[in-house]
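Reminder, nothing fancy here: chain letters follow the sequence lines and each chain counts from 1.
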Protein chains: 4
Amino acid sequence: MPKLGMEPIRRAALVDATIAEIGAVGSLEVTVSRIARRAGMSSALAHHYFGSKEALFLAAMRHVLSVYTAEVRAELAGLRGPRARVSAVIRASFAESSFGREAVGAWLNFYVLAQRAPEARRLLAVYQRRLHSNLVHALRPLAGAAAPAIAEGAAALIDGAYIREALRAGPPDAAAATAMVEAQIAAALGEQTKRSA
Amino acid sequence: MPKLGMEPIRRAALVDATIAEIGAVGSLEVTVSRIARRAGMSSALAHHYFGSKEALFLAAMRHVLSVYTAEVRAELAGLRGPRARVSAVIRASFAESSFGREAVGAWLNFYVLAQRAPEARRLLAVYQRRLHSNLVHALRPLAGAAAPAIAEGAAALIDGAYIREALRAGPPDAAAATAMVEAQIAAALGEQTKRSA
Amino acid sequence: MPKLGMEPIRRAALVDATIAEIGAVGSLEVTVSRIARRAGMSSALAHHYFGSKEALFLAAMRHVLSVYTAEVRAELAGLRGPRARVSAVIRASFAESSFGREAVGAWLNFYVLAQRAPEARRLLAVYQRRLHSNLVHALRPLAGAAAPAIAEGAAALIDGAYIREALRAGPPDAAAATAMVEAQIAAALGEQTKRSA
Amino acid sequence: MPKLGMEPIRRAALVDATIAEIGAVGSLEVTVSRIARRAGMSSALAHHYFGSKEALFLAAMRHVLSVYTAEVRAELAGLRGPRARVSAVIRASFAESSFGREAVGAWLNFYVLAQRAPEARRLLAVYQRRLHSNLVHALRPLAGAAAPAIAEGAAALIDGAYIREALRAGPPDAAAATAMVEAQIAAALGEQTKRSA
DNA sequence: CATGAATGAGTTTTCATTCAT
DNA sequence: TATGAATGAAAACTCATTCAT
């Protein structure tokens, strides 16, 4: 049954399986065999397409970040006001595609990967810079010189939300996470809000 | 040459070596042999004292949390005003003992451990509850019903600060982290502050 | 684009690539994929033409031996005197086609192959017999009953020259090898010679 | 049953098993598992003691060369005349310890190893230099300026004898090999000899 | 004719863990 | 108390070979 043009399909399946497996196991200590099995192929084929486990991890990470990037772009599209743009970035950060069970589980592990794989570190740095710049850009009209600090706080809080979500039982609660970050931004901007637990 | 009363000394050395090794490697993929060598003994002895690698990890985690608990207690001792108590908790969170290079590197990995080891998860839950309750207790007089939400945000931000610190090159910047969390609290409490980037 | 009559071309390309690859790597631990790539085709095609890696090795070996045989024939052509015939055989043994870098590197490995592949052993035996008989034939008028022993020594020395050449850096030194064997023959025949280092 | 001081015993057993296995298979394509089994232990233990397959090969090679060195030393001990010293070196080269079935089989493969492992190449170079220098030293009084060339020829012939022996069925024929080299030396020195096939 | 797809079998290497001393 | 000795189990990675197209 071998068909032509399988490569992109196989690669995508492997990347998805990698994220799922890391998310499920909650650790980078997953075997290529299990990932391959999950993707419906032999481990040899996984090596054929990616060359190494590390490369597979990096591809998975790149995928997660590109999905996030796309999400942000989509949320920002067509929005005009700066306040709305801030909310869009936050909403994108907790969108199902990035904040689903598996992705959240994988997220934390990509931070771990970044501690030993320079390329992973680079990818994470790119993500952080982009998130920061998105936020600063949107916050500048609202907070002026305070924008970078507020952005820094929001970015850290988003990471904190991810890490905590990874530990919770049950499905991620995007609404709660969003509310938490929104509240922080609101307070930082000195907006009047009604707060609830 | 075996001496009496070595047990607590050996155990402490192993726990320290475990934290150092995990911090240095940036991953739980650390061998018992290396930990034992770092602690100046054979891996067989490490097993003799802890029974398993997992148990050693848990002991290390317990140690990190107990150091943190002690730090909080010390910072809180003798303080009266609620606002000062909030600051004390934050200060304790970024004290050298917990926010040193190795401890920060280990921290992230304990979150990873918690994804597969129920006992680790339990320990982390205890820490989170305690932190939350400390903060709520201190914030209640200042924020009333909003205290839990503010505490939640502060706790998540602290975790976010840790995770980001783990990635940075160079020694942890406790001052910056402290300032970031203080700023968030201040904003949430509606305090007047001068902000700087 | 498949063309007709490609078979002999493909086969020759594969044989050449095999010798080159073995010579370059200096070992039989060479992959069919690399050989095929060097020959400009897929490994599947290599299998299509030769059936197995072993068969490809044998074909390469056969090629090397047939090149050598042709070289000997060419050198012997038209020569009449026995002494000249001896020199012709020696010259052929160190001709560029057989004593080039790659061929020398492959040579040693064919001896290795012969230890496990009976067919390779057979081929090598044929080569040895032919070399011996060529030498004896030429030496007989000069050395009489001593011819076989002298031939044996010359043949072994030629092999020794090959094995040593395989280890040297830089291009093979055919002149030196030739001189060494000629000197041995001369001495065995009791000729008067001036020797130089 | 684990005892103390096993290391040298295990190492020696592994080195012997490596030589035997390479000799038996006639190739470096032997597995660590088989070597270890032959030496009566698990492959993990082999790795424990040698670190890698390559290191094991090198140790085996070093062993073979040191055995040969000892043999030469022993044969040379107490001999005075230069001619006797030449014969001693030749005799040592074909002594049972070096010219046994397994050692001969391994020998050729060490030449192969030398093509990819620099350390192996170095070891072989040391052997060649030593052999050459031993021969030159003994030949100088007999042949003067011609000594180096004669030595070179003898050394190459010895290697040739090894390579040819590796291919023969049946046990190595040390006597024949010795006679061949002796005859070559005798002829080169212009000695009067009766030759026989 | 030619190849991309696919894998089973095998190999090196690592490591937690056990045990006799 | 302490450790060298030892191994089973597993994991990454490789490769010859097959097959449908």
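For R34(A), the side-chain contact (heavy atoms from CB on, under 4.5 Å) test picks out E21(A), T31(A), R37(A), with sequence neighbours left out. Looking at residues two or more places apart in sequence or on another chain, you find no side chain to side chain donor-acceptor pair (under 3.5 Å) involving Y162(D). Listed by chain and residue number, nothing satisfies the side chain to side chain donor-acceptor pair (under 3.5 Å) test with R101(D) (two or more places apart in sequence, or in another chain). Every residue meeting the side-chain contact (heavy atoms from CB on, under 4.5 Å) condition with R122(B), not counting sequence neighbours, appears here in chain and number order: E119(B), V126(B). Residues meeting the side chain to side chain donor-acceptor pair (under 3.5 Å) test with E102(A), sequence neighbours left out: none.
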Which donor-acceptor pairs under 3.5 Å do the side chains of residues 8-18 of chain D make with protein atoms, sequence neighbours left out?
{"residue": "R11(D)", "atom": "NH1", "partner": "E7(D)", "partner atom": "OE2", "Å": "3.1"}
{"residue": "R11(D)", "atom": "NH1", "partner": "Y49(D)", "partner atom": "O", "Å": "3.0"}
{"residue": "T18(D)", "atom": "OG1", "partner": "L14(D)", "partner atom": "O", "Å": "2.7"}

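Whole-Å rounding puts the L4(A) CG to dC19(F) P distance at 18 Å. The distance from atom CD of E7(A) to atom C1' of dT3(E) is 14 Å, rounded to the nearest whole Å.
Rounding to the nearest 0.5 angstrom, the gap separating the CG atom in L45(D) from the NE2 atom in H47(D) is 11.0 Å.
Counting only residues at least two apart or on different chains, no salt bridge (charged side-chain N to carboxylate O under 4.0 Å, His left out) pair has a member in residues 103-115 of chain A.
Contact check of residues 23-57 of chain A against DNA chain F (heavy atom, cut-off under 4.0 Å) returns V30(A), T31(A), V32(A), A44(A), H47(A), S52(A), K53(A).
When base pairs are accepted only as Watson-Crick or G-U wobble with both N-N or N-O distances under 3.5 Å, DNA chain E takes part in stems of 3 or more pairs at E:2-21 with F:2-21.
Regarding contacts with the backbone of dG4(F), every side-chain N or O of R10(D) stays at 4.0 angstrom or more from both OP1 and OP2.
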